[in-house]
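Counting starts at 1 for both ligands and their atoms, in listed order.
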Amino acid sequence: MSKLWGGRYTGVTDELMWAFNASINFDRRLASADVRGSIAYARAIARVGVLTESEAAQIVAGLERIAGEFERGEFQFQTSDEDIHTAVERRLGELIGAAAGKLHTGRSRNDQVATDVRLFMMDELRALSERLRATQQAIVHKAEVHLDLLMPGYTHLQPAQPVRFSHWLMSYFWMLQRDRERLTDLLKRVSRCPLGAGALAGNAYGIDREALARELGFAGVTENSMDAVSDRDMILETLSWAAILGGHLSRLAEDLILYSSVEFGFLRLAERYTTGSSIMPQKRNPDSMELVRGKTGRLVGNLMGMIVTVKGIPSTYDKDLQEDKEPLLDTLDTLHMVLPIVAGVIETLEVNAEAMRSALVEGLLATDLADYLVKRGLPFREAHKLV
Ligand code: ARG
């Protein structure tokens, strides 16, 4: 089996070691980003004379064909494909021959993978921002429909003061608003192009990194090549953002589970977001919201795992960093499911105004009564005692 890095090797790689080292099973999801990055890189090295016009044209045409194969699901992976970068380069060689061997000039998989992940993340995070906005929209619509409906507000889960149902629901809108702001902010740091950092010491061919970054849709370039190949802050920030968002959704799920219990009866989850029991015929369980609450565990776990992975590794790229992709992908995939489920549950939520009204017990107005007495001239402490 011929390897990209096989030049200095004479022996074989242990079979288990090969499987242990390979990342193709998950980084194949970076395929489109990898091809995009390579097309832009081919143009960049052509501009400084590493490739002739015709070599660059061949490489770009070959890569475009590979992009098509990925899109149509026709790309044939081989057991010798260690990762997505090797797979694409191997296929390019099959398609265009010798010219393919010039694409990697001045580039390392270290700056390549960092670029791929960032490109992938920009698409994913923008899509998640839209999903987040759609969830907020579902909240606003529901709040508007029941704008003036009153319910008990709780502290310590004890009835506290009457509040509008819409006020309670909109409290989650604002949590998600901060999540969206955090996302917008962290996207600025994702949008930096590491390509040209090489293995760690930069690019020997004087490519125009600014132009390359612009062509790929980045807002700018990374400033330090040694930092660029090992920086995974954008992943840590994303996982941390997702863990906080997961916490908010988990609290919303908990409220919905509680308020839709038979004991409260304020709300009812639409049938399509509940499931029955295999033994108890009467059951209608809020599994959708329990799963949303439960998924918080993996969102937090992915963050914890990644923080430990990057802790204490020596400077620049170390293979430990390959461990960044699975938690990232898992967190993004989880949110792609969770957000539309939450939006759907909110949209289809049935509201029981009667149950809310009968839960408005007298004691809920105690604070208002004290306030009334204050307005009639009593000091608050005395009014509190009297009530
Ligand atoms: N699969 C590797 C990763 O995801 C790509 C970079 C490999 N770099 C290297 N020096 N072996 O991190």
Side-chain angles (χ1 to χ4, degrees), residues 1-9 11-14 16-38 40-41 66 70 75 77-92 103-124 190 192-204 216 222 224-236 238-239 302 305-333:
M1 184 153 76
S2 95
K3 296 185 190 79
L4 204 72
W5 39 262
R8 59 104 71 208
Y9 280 83
V12 292
T13 308
D14 178 82
L16 185 58
M17 171 57 197
W18 180 261
F20 189 53
N21 185 50
S23 51
I24 190 69
N25 284 336
F26 44 89
D27 69 17
R28 61 176 64 198
R29 291 192 47 196
L30 303 177
S32 136
D34 193 74
V35 173
R36 258 192 289 157
S38 283
Y41 189 71
I66 294 172
F70 280 124
F75 188 92
F77 287 99
Q78 291 178 4
T79 39
S80 58
D81 294 336
E82 177 183 331
D83 54 27
I84 189 64
H85 327 294
T86 355
V88 169
E89 195 175 322
R90 187 259 309 151
R91 180 67 185 135
L92 187 63
L103 170 62
H104 210 55
T105 314
R107 188 176 64 170
S108 157
R109 280 182 293 166
N110 298 355
D111 57 346
Q112 189 177 2
V113 74
T115 305
D116 290 5
V117 170
R118 285 168 183 270
L119 283 172
F120 177 80
M121 286 178 75
M122 287 199 286
D123 288 347
E124 287 281 312
V190 178
R192 298 260 150 202
C193 185
L195 204 51
L200 77 165
N203 185 290
L216 285 169
T222 55
N224 179 300
S225 66
M226 293 178 78
D227 176 41
V229 293
S230 68
D231 173 20
R232 295 296 182 271
D233 289 6
M234 72 290 186
I235 293 177
L236 290 173
T238 298
L239 297 179
N302 288 337
M306 192 57 204
I307 285 181
V308 176
T309 294
V310 296
K311 176 205 162 289
I313 58 174
S315 73
T316 88
Y317 182 85
D318 302 272
K319 203 55 170 273
D320 315 44
L321 293 175
Q322 180 166 284
E323 288 294 307
D324 61 354
K325 283 163 213 66
E326 284 164 295
L328 175 67
L329 292 169
D330 183 68
T331 283
L332 297 174
D333 292 347

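Between the CG atom in N302 and the OG1 atom in T238 there is a gap of 12.0 Å [rounded to 0.5 Å].
Ligand 1 lies under 4.0 Å from heavy atoms of S23, D27, D83, H85, R109, N110, V113, Y317, K319, Q322, K325.
You'll find the side chain of V113 stays beyond 4.5 Å of the side chain of Q322, heavy atoms only. At a threshold of 4.5 Å between non-hydrogen side-chain atoms, the residues L321 and V310 count as touching.
In this structure, R118 pairs ionically with D231, as a charged nitrogen and a carboxylate oxygen lie closer than 4.0 Å.
In this structure, K311 places its NZ atom where only 12 or fewer heavy-atom neighbours from other residues, nucleotides or ligands lie under 6.0 Å away.
Under the 30°/60° scheme for interplanar angles, the aromatic rings of F70 and F75 are found to lie parallel.
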